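Worksheet for the structure shown next.
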Amino acid sequence: MTLRNGFPAVSDAADQFDIRAALRATTAQDANGNIKTGVSITAKSLTGLVTAGNGMNSDIAAFDAVTNRYGPVWLSNDGTISVKHAAAPSANSRIDLICIKQNETASPASDPTDGPEAIIVTGTPAVDPVTPATPEGALALARVTIPSTATSMTSTGVIYEQMYPFTASAGADLLFRSETEKDAWTPWEGQKCRLLDGNEYQAKSGVWVSPNPAFHDMASTVQQQQRFAYAHR
């Protein structure tokens, strides 16, 4: 461990890894120092960045994001871009994973090219298909289930599931998609978060707790009543 070169500095001595190390101070981290990768919270990111395009294309809307490759890497997409899926499988279904990544040829990375890229990891067809692995250094945005009957990304049976996490500035409240995602995060004492459903939590003694349990109990009761009413209508 050592004190790294700062930036900006008259010496201009900071390399890319010095800069990434410094950027950690601007990005939310968990109790173990892991940075919060993901997409910045905007009105569009809350409604879904990845949608069906023309033919076998998926469209990715504009976003700002933080990935992690030996430190934070900031990526920005300033307009809608399209990525093309392979033709639908001849039988069963498959799950394709749509990701973004900053490619780097310089060590310790070993990509074939340099620069940002939106990529599709094509899944394996199966009766019960599984999501392919996210490439090293990439950020998964969405997974798409494609049945054998699909002739375009708007065909019946094509299912989009947004899966990108949300990033945050250091010290800011975090946003999680689900209880599972929340519970996978190791919070520092006093860290706050909320879920997409609006429920709020704060970390106490390493555990997420609700600051207003009565409210959540009431909300849960209302949800149960709504499900009961729906089931018996």
Side-chain angles (χ1 to χ4, degrees), residues 35-70 72-167 175-178 180-181 184 196:
I35 65 171
K36 185 79 168 69
T37 60
V39 172
S40 295
I41 301 169
T42 63
K44 182 58 182 176
S45 70
L46 289 173
T47 58
L49 293 177
V50 184
T51 55
N54 294 324
M56 292 301 292
N57 289 331
S58 284
D59 290 342
I60 305 174
F63 64 82
D64 295 307
V66 176
T67 63
N68 184 13
R69 202 158 197 200
Y70 318 111
V73 177
W74 295 355
L75 284 174
S76 182
N77 175 38
D78 60 8
T80 300
I81 57 176
S82 294
V83 287
K84 189 172 184 178
H85 297 262
S90 58
N92 299 319
S93 300
R94 74 166 190 265
I95 297 176
D96 286 357
L97 191 66
I98 301 174
C99 309
I100 55 167
K101 180 184 178 184
Q102 175 68 32
N103 289 314
E104 297 182 304
T105 58
S107 179
S110 58
D111 296 321
T113 59
D114 288 315
E117 182 182 19
I119 58 178
I120 293 178
V121 183
T122 303
T124 301
V127 174
D128 188 15
V130 299
T131 305
T134 303
E136 191 272 332
L139 178 70
L141 298 181
R143 54 183 161 226
V144 190
T145 302
I146 304 175
S148 61
T149 54
T151 57
S152 74
M153 299 309 291
T154 58
S155 294
T156 300
V158 175
I159 302 173
Y160 280 81
E161 182 181 356
Q162 312 295 324
M163 59 183 299
Y164 50 87
F166 295 95
T167 191
L175 176 63
F176 294 108
R177 288 188 174 277
S178 64
T180 300
E181 186 179 308
L196 282 176

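Since this is a predicted model, take the numbers as computed values, not measurements.
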### Message
Show the nearest heavy-atom pair for residues Lys101 and Leu75, with the distance to one decimal.
### Response
C-CD1, 4.1 Å

### Query
Pro116 and Gln102: which non-hydrogen atoms are nearest, and at how many Å?
N-OE1, 3.6 Å

#### Entry: Interatomic distance, Leu139 atom CG to Cys99 atom SG [nearest 0.5 angstrom]
7.5 Å

### Query
Taking the side chain as C-beta and beyond, is there a heavy-atom pair between Ile119 and Val83 under 4.5 Å?
no

### Interatomic spacing from OG in Ser76 to CD1 in Ile100 - rounded to 0.5 Å
9.5 Å

### Message
I need the single residue from Val158, Ile146, Asn57 that forms a side chain to side chain contact (heavy atoms under 4.5 Å, CB included) with His85. Which is it?
### Response
Ile146

### No-hydrogen, no-angle side-chain donor-acceptor test under 3.5 Å, Thr154 and Ser152
yes

### Query
Looking at CG of Leu141 and CE of Met163, how far apart are the two atoms once the value is rounded to the nearest 0.5 Å?
9.0 Å

#### Entry: Stepwise side chain to side chain contact (heavy atoms under 4.5 Å, CB included) check, Leu49 with Asn77
CA-CA 11 Å; Leu49 293 177; Asn77 175 38; over 6 Å; no

### Task
Show your reasoning for whether side chain to side chain contact (heavy atoms under 4.5 Å, CB included) applies to Ile95 and Val130.
CA-CA 6 Å; Ile95 297 176; Val130 299; 5.8 Å; no

### Query
Side chain of Asn92, backbone of Ser148: donor and acceptor closer than 3.5 Å?
no

### Query
Considering residues at least two apart in sequence or located in another chain, which fulfil the side-chain hydrogen bond (donor to acceptor under 3.5 Å, both in side chains) criterion with Asp59?
Ser82

### Task
Would you mind reporting whether Ile35 and Thr37 have side-chain heavy atoms less than 4.5 Å apart?
yes

### Message
As an exercise, state the distance from OG1 of Thr51 to CE of Met153, rounded to the nearest 0.5 Å.
### Response
10.0 Å

### Task
Would you list the pairs meeting side chain to side chain donor-acceptor pair (under 3.5 Å) in which at least one residue belongs to residues 124-138, sequence neighbours left out?
Arg69-Glu136

### Any side-chain heavy-atom pair of Pro135 and Val121 under 4.5 Å
yes

### Query
Hey, what do you get for CD1 (Ile98) to CD (Glu161), rounding to the nearest 0.5 Å?
12.0 Å

### Query
Can you tell me if CG on Asn54 sees more than 12 non-hydrogen neighbours from other groups inside 6.0 Å?
no

## Note on the structure
For Pro165 and Lys36, the nearest pair of non-hydrogen atoms, with its separation, is CB-NZ, 3.9 Å

### Query
To the nearest 0.5 Å, how far apart are CG in Asp96 and NZ in Lys84?
13.5 Å

### Query
Which heavy atom in Thr67 sits nearest to a heavy atom in Gly137, and how many Å separate them?
CB-O, 4.1 Å

### Query
If you take all heavy atoms of Met56 and Ala86, which pair is closest and at what distance?
CE-O, 3.3 Å

### Query
For Phe166, which residues count as a ring-ring contact (aromatic ring centres under 6.0 Å, His included) partner, sequence neighbours excluded?
Tyr164

### Message
If I compare all heavy atoms of Ser45 with all of Val39, which pair ends up nearest, and what's the gap?
### Response
CB-CG1, 3.9 Å

